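Take a look at the structure below.
As the structure is a prediction and not an experimental result, all values here were calculated from the model.
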Amino acid sequence: CDDLGDGLQIVAMGSLTTYEPRSQYQLNVKKIIPIGDGLSAQRLKRLQEKLEGEGLFDPGRKRPLPRLPRKVGIITSKDSAAIMDILTVVKSRCPKMDLVMAYANIQGEGAPGSIIRALDYLDRSNDVDVIILARGGGPSKDFMAFNDESLVRAIASISKPVITGIGHEEDNCLADLAADFRASTPTSAARAAIPDVQELRKELEDLRRNLDRSYNSYLMSLEIEEKEAKLGKKEEEMKQVLESVASSKSNLLKYKAIITALIALLVFVIMVFLMGGFPV
């Protein structure tokens with residue numbers, strides 16, 4: 001057995017020998033048969049470590065979910081209760097959202113290949129912006145398909161973001177680790193993918209009010225600038241008037257001085273004339 005490890009349950013077959021002087025017993029093992037889930041757990045652990053080492057679970061490679069997807073792709077089985085859960089969320093959040101269904105086997109031996117084909121179909125659909133991989137709850141053994149290496153690699157390699165809503169709380173499947181967003185249930189997965197129209201309307205209304213306030217503030221600033229410009233123009237006109245008045249006063253004083261001088265000269269000439277004329 002090449003898969004021995006801590007925690008593995010086995011049946012060991014061999015022979016028992018004793019050493020009487022020390023009362024010691026020795027088991028000579030001839031054959032080992034693994035039993036229970038221990039071997040599967042060991043293999044799953046090694047696969048997880050392998051894929052993690054390749055970076056498939058790295059948060060840095062995960063794609064963001066679209067805020068307003070054009071269409072949402074759904075992968076689940078035709079008889080899955082997950083369909084009704086998702087439709088209920090669509091009806092309450094965005095009734096006009098277009099869904100593209102890609103039915104697949106989600107448990108059993110052929111499930112990984114069936115899910116991979118559905119992923120490929122939705123990945124090639126140009127107007128599908130996000131994909132939900134969903135199933136209802138069930139026993140742990142029903143989730144083994146979501147630990148398949150080829151399926152995990154397909155989820156990590158497609159061009160569109162994938163949301164898993166596999167419906168189990170206890171443990172993450174490897175598909176959950178490779179997905180861009182892990183939801184605990186199909187309902188939570190749908191809420192992550194489907195926008196809420198009422199919330200969008202509220203956000204738009206808040207944005208409109210903010211824009212109105214900003215626009216009113218802009219108009220007020222323009223009005224203030226216009227008044228400031230008019231006031232500045234009036235101040236400039238007033239300054240020019242004052243300068244003109246000051247210039248006029250200066251010229252008036254000059255003219256007044258000249259007239260005063262001429263009058264004084266005229267008075268002098270008259271007095272000289274009255275007193276006998278100018279001396280020769």
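- The backbone N or O of A12 sits nowhere less than 3.5 Å from a side-chain atom of K31 that would complete a donor-acceptor pair.
- In this structure, K62 contributes its side chain and F181 its backbone to no donor-acceptor pair below 3.5 Å.
- Contact check on D206 versus R209 returns a salt bridge, with a Lys/Arg side-chain nitrogen under 4.0 Å from an Asp/Glu carboxylate oxygen.
- Proximity of a side-chain donor or acceptor of N105 to a complementary backbone N or O of Q107 within less than 3.5 Å is not detected.
- Residues S188 and T185 have side chains that bring a donor and an acceptor to within less than 3.5 angstrom of each other.
- The existence of a salt bridge linking R153 and E54 is confirmed by a sub-4.0 Å separation between a basic side-chain nitrogen and an acidic carboxylate oxygen.
- Applying the 6.0 Å contact sphere to CE of M101 captures more than 12 heavy atoms from other residues, nucleotides or ligands.
- Here the side chains of V72 and V100 are not in contact, with every heavy-atom distance at 4.5 Å or above.
- Residues V89 and L87 fall into different hydrophobic clusters, defined by Ile, Leu, Val, Met, Phe, Trp and Tyr side chains chained together at heavy-atom separations under 4.5 Å.
- No side-chain heavy atom of I75 sits under 4.5 Å from any side-chain heavy atom of Y103.
- A cation-pi arrangement is present between R135 and F143 under the rule of less than 6.0 angstrom and at most 45 degrees off the ring axis.
- Atom CD1 in I74 sits 5.5 Å away from atom CG in L99 (nearest 0.5 Å).
- Side-chain contact check for V197 versus R201: some heavy-atom pair is nearer than 4.5 Å.
- In this structure, R182 pairs ionically with D176, as a charged nitrogen and a carboxylate oxygen lie closer than 4.0 Å.
- For R213 and N216, the side-chain atoms include no donor-acceptor pair closer than 3.5 Å.
- Looking at residues two or more places apart in sequence or on another chain, you find no salt bridge (charged side-chain N to carboxylate O under 4.0 Å, His left out) involving E52.
- Put simply, the side chain of S80 never gets that close to the backbone of S77: no donor and acceptor are under 3.5 Å apart.
- Counting only heavy atoms from C-beta outward, the side chains of N147 and V152 never approach each other to under 4.5 Å.
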For the pair I131 and I163, evaluate side chain to side chain contact (heavy atoms under 4.5 Å, CB included) and give the outcome as yes or no after the intermediate values.
CA-CA 6 Å; I131 299 170; I163 301 172; over 6 Å; no
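- Under the 4.0 Å criterion applied to side-chain N and carboxylate O atoms, E203 and R67 are assigned as salt-bridge partners.
- Remark: the backbone N or O of Y121 is paired with a side-chain donor or acceptor of S125 at under 3.5 angstrom.
- Judged purely by atom type and a 3.5 angstrom limit, S114 has no side-chain atom pairing as donor or acceptor with the backbone of G110.
- Side-chain contact between F146 and L174: absent, with no pair of heavy atoms (C-beta onward) separated by less than 4.5 Å.
- Annotation: salt bridge (Lys or Arg N to Asp or Glu O under 4.0 Å) contacts involving residues 103-130, sequence neighbours excluded, comprise R70-D129, K71-D127, D120-R124.
- Within 6.0 Å of CZ on R208 lie more than 12 heavy atoms contributed by other residues, nucleotides or ligands.
- The closest side-chain heavy-atom distance from R61 to D180 is below 4.5 Å.
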For the pair I155 and L133, evaluate side chain to side chain contact (heavy atoms under 4.5 Å, CB included) and give the outcome as yes or no after the intermediate values.
CA-CA 10 Å; I155 291 174; L133 174 56; 4.1 Å; yes
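- Here N28 pairs with nothing under the side chain to side chain donor-acceptor pair (under 3.5 Å) rule; sequence neighbours left out.
- Between P66 and P161, some side-chain heavy-atom pair lies under the 4.5 Å cut-off.
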